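Per chain, numbering begins at 1; letters A, B, ... match sequence-line order. Note that this is a predicted model, so its numbers are computed, not measured.
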There are 2 protein chains.
Amino acid sequence: MVKRTSFEGDACPIARSLDALGDWWSLLIIREALFGLRRFGEFQNKLGMARNILAVRLRALVDHGILATAPASDGSAYQEYVLTPKGRGTFPILVALRQWSEEFDDRPEEIATVLVDREKGRPVKKLELRAADGRLLTPAETMVKPRPAPRRRSA
Amino acid sequence: MVKRTSFEGDACPIARSLDALGDWWSLLIIREALFGLRRFGEFQNKLGMARNILAVRLRALVDHGILATAPASDGSAYQEYVLTPKGRGTFPILVALRQWSEEFDDRPEEIATVLVDREKGRPVKKLELRAADGRLLTPAETMVKPRPAPRRRSA
DNA sequence: TTGTGTGGTTGCATCATAAAACCGAATGCC
DNA sequence: GGCATTCGGTTTTATGATGCAACCACACAA
């Protein structure tokens with residue numbers, strides 16, 4: 001996407017997230033990583049993407065602290081890519097994307113899988129946004145405020 | 001990005017969402033639309049993006065049923081772009097992106113805003129994933145299952 | 001030593017992107 | 001009505017990210 005207008009310096013947290021995750025492949029790589037994939041070849045086989053692009057993406061994700069390279073694991077002297085806590089923290093994003101598709105896709109019958117809780121095997125609930133006191137919030141009931149000052153003990 | 005490997009036919013709901021939302025600008029346009037922007041020029045000013053790209057993105061979002069064009073509203077004979085229910089349904093995705101940035105960004109002090117509930121003015125809670133019975137779920141406590149058969153009244 | 005599989009990198013053609021010029025229609029000003 | 005300006009895009013052009021395939025380096029095996 002040409003010069004890509006990096007959002008890195010932007011003050012909007014959404015833009016900042018998109019700067020790390022907002023390309024066509026990164027979230028899918030993370031999805032597979034959450035699923036347990038670790039090796040270059042595994043990602044390449046599963047996603048069917050070009051290997052050079054995969055290499056670039058993996059390096060970018062490592063640079064962003066989303067993946068880390070582990071020296072090895074199964075004997076073979078190659079390296080693996082494992083999710084960091086930051087990487088695992090994208091889980092709600094993936095769930096939100098999944099649920100949006102489930103709810104609004106024009107051809108929901110083409111969706112092959114559902115997300116269930118492992119223990120009971122039943123579909124998970126929709127993500128919901130709640131206020132600090134637990135009230136359910138619609139978008140209209142929210143607003144953004146300037147970030148409160150750095151709060152240096154000033155009470 | 002050349003031929004862009006459209007995910008439209010993919011069975012993964014995440015890929016399907018990314019097909020509609022997964023470029024650099026669409027989610028930011030939607031963010032501004034949720035914020036109340038409606039006019040071409042408003043988007044262009046606020047986002048500072050190239051106008052041709054904005055035009056392409058707006059048309060794509062309309063084609064995807066995320067935005068709709070309204071004939072006018074404030075007298076001037078121009079058109080507006082308003083969110084459809086499908087478009088408003090992206091709200092959790094944006095919240096998830098925001099919260100991920102808030103939690104994991106390397107320079108959180110550069111984030112300018114917080115999302116609060118309008119009534120109390122207090123920051124919202126983190127999105128949380130719960131099982132059907134209300135248990136909080138971690139990623140590891142979930143799994144994906146093949147979609148149950150179309151369920152044609154078969155009990 | 002040769003062979004094979006993994007894990008990438010390098011070239012190259014193509015196409016999406018970004019920036020700016022351009023353009024018609026609508027609006028404002030007189 | 002005439003003229004300039006703004007709005008809402010489209011066109012043009014340069015750039016560079018993408019996808020594909022070929023290539024390379026290394027590990028391991030025979």
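- In this entry the distance linking NZ of A:Lys46 with P of C:dT6 reads 17 Å, nearest Å.
- Counting to the nearest Å, the C1' atom of D:dA21 and the CD atom of A:Gln44 are 12 Å from each other.
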Show me the donor-acceptor pairs, under 3.5 Å and distance only, between side chains in residues 83-94 of chain B and residues at least two apart or in other chains.
{"from": "B:Thr84", "atom 1": "OG1", "to": "B:Gly65", "atom 2": "O", "distance (Å)": "2.6"}
{"from": "B:Thr84", "atom 1": "OG1", "to": "B:Ile66", "atom 2": "O", "distance (Å)": "3.1"}
{"from": "B:Thr84", "atom 1": "OG1", "to": "B:Lys86", "atom 2": "N", "distance (Å)": "3.3"}
{"from": "B:Thr84", "atom 1": "OG1", "to": "B:Gly87", "atom 2": "N", "distance (Å)": "3.1"}
{"from": "B:Lys86", "atom 1": "NZ", "to": "B:His64", "atom 2": "O", "distance (Å)": "2.9"}
{"from": "B:Arg88", "atom 1": "NH1", "to": "B:Leu83", "atom 2": "O", "distance (Å)": "3.2"}
{"from": "B:Thr90", "atom 1": "OG1", "to": "B:Gly87", "atom 2": "O", "distance (Å)": "2.7"}

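- B:Phe35 and B:Val82 are members of different hydrophobic clusters when ILVMFWY side chains are connected at heavy-atom separations under 4.5 Å.
- Its side chain outside the 4.5 Å cluster rule for every partner, B:Val56 clusters with none of the Ile, Leu, Val, Met, Phe, Trp and Tyr residues.
- Within the structure, every side-chain polar atom (N or O) of A:Trp25 is placed at least 4.0 Å from both OP1 and OP2 of D:dT18.
- Rounded to an integer number of Å, the gap from CG of A:Leu47 to C1' of C:dG8 is 16 Å.
- Atom CG of B:Leu54 is separated from atom P of C:dA20 by 16 Å (rounded to the nearest Å).
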Would you tabulate the nitrogen or oxygen pairs shorter than 3.5 Å linking the protein to nucleotides 3-10 of chain D?
{"from": "D:dG8", "atom 1": "OP1", "to": "B:Arg39", "atom 2": "NE", "distance (Å)": "2.5"}
{"from": "D:dG8", "atom 1": "OP1", "to": "B:Arg39", "atom 2": "NH2", "distance (Å)": "2.8"}
{"from": "D:dG8", "atom 1": "OP2", "to": "B:Gly41", "atom 2": "N", "distance (Å)": "3.1"}
{"from": "D:dG9", "atom 1": "OP1", "to": "B:Gln79", "atom 2": "NE2", "distance (Å)": "3.3"}
{"from": "D:dG9", "atom 1": "OP2", "to": "B:Tyr81", "atom 2": "OH", "distance (Å)": "2.9"}
{"from": "D:dG9", "atom 1": "N7", "to": "B:Arg51", "atom 2": "NE", "distance (Å)": "3.3"}
{"from": "D:dG9", "atom 1": "O6", "to": "B:Arg51", "atom 2": "NE", "distance (Å)": "3.3"}
{"from": "D:dG9", "atom 1": "O6", "to": "B:Arg51", "atom 2": "NH2", "distance (Å)": "2.6"}
{"from": "D:dT10", "atom 1": "OP2", "to": "B:Arg59", "atom 2": "NH2", "distance (Å)": "3.4"}

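- Residues satisfying the salt bridge (charged side-chain N to carboxylate O under 4.0 Å, His left out) test with B:Glu119, not counting sequence neighbours, are A:Arg135.
- Rounded to a whole Å, the CD atom of B:Glu80 is 17 Å from the P atom of C:dA26.
- A straight line from CE of A:Met49 to C1' of C:dT9 spans 15 Å, rounded to a whole angstrom.
- Note: CH2 (A:Trp24) to C1' (C:dC15) measures 13 Å, nearest angstrom.
- The salt bridge (charged side-chain N to carboxylate O under 4.0 Å, His left out) check on B:Arg57 picks up B:Asp23, with sequence neighbours excluded.
- B:Arg130 meets the salt bridge (charged side-chain N to carboxylate O under 4.0 Å, His left out) test with B:Glu128; sequence neighbours excluded.
- Per the geometry, CZ belonging to A:Phe43 stands 11 Å off P belonging to C:dG8, to the nearest Å.
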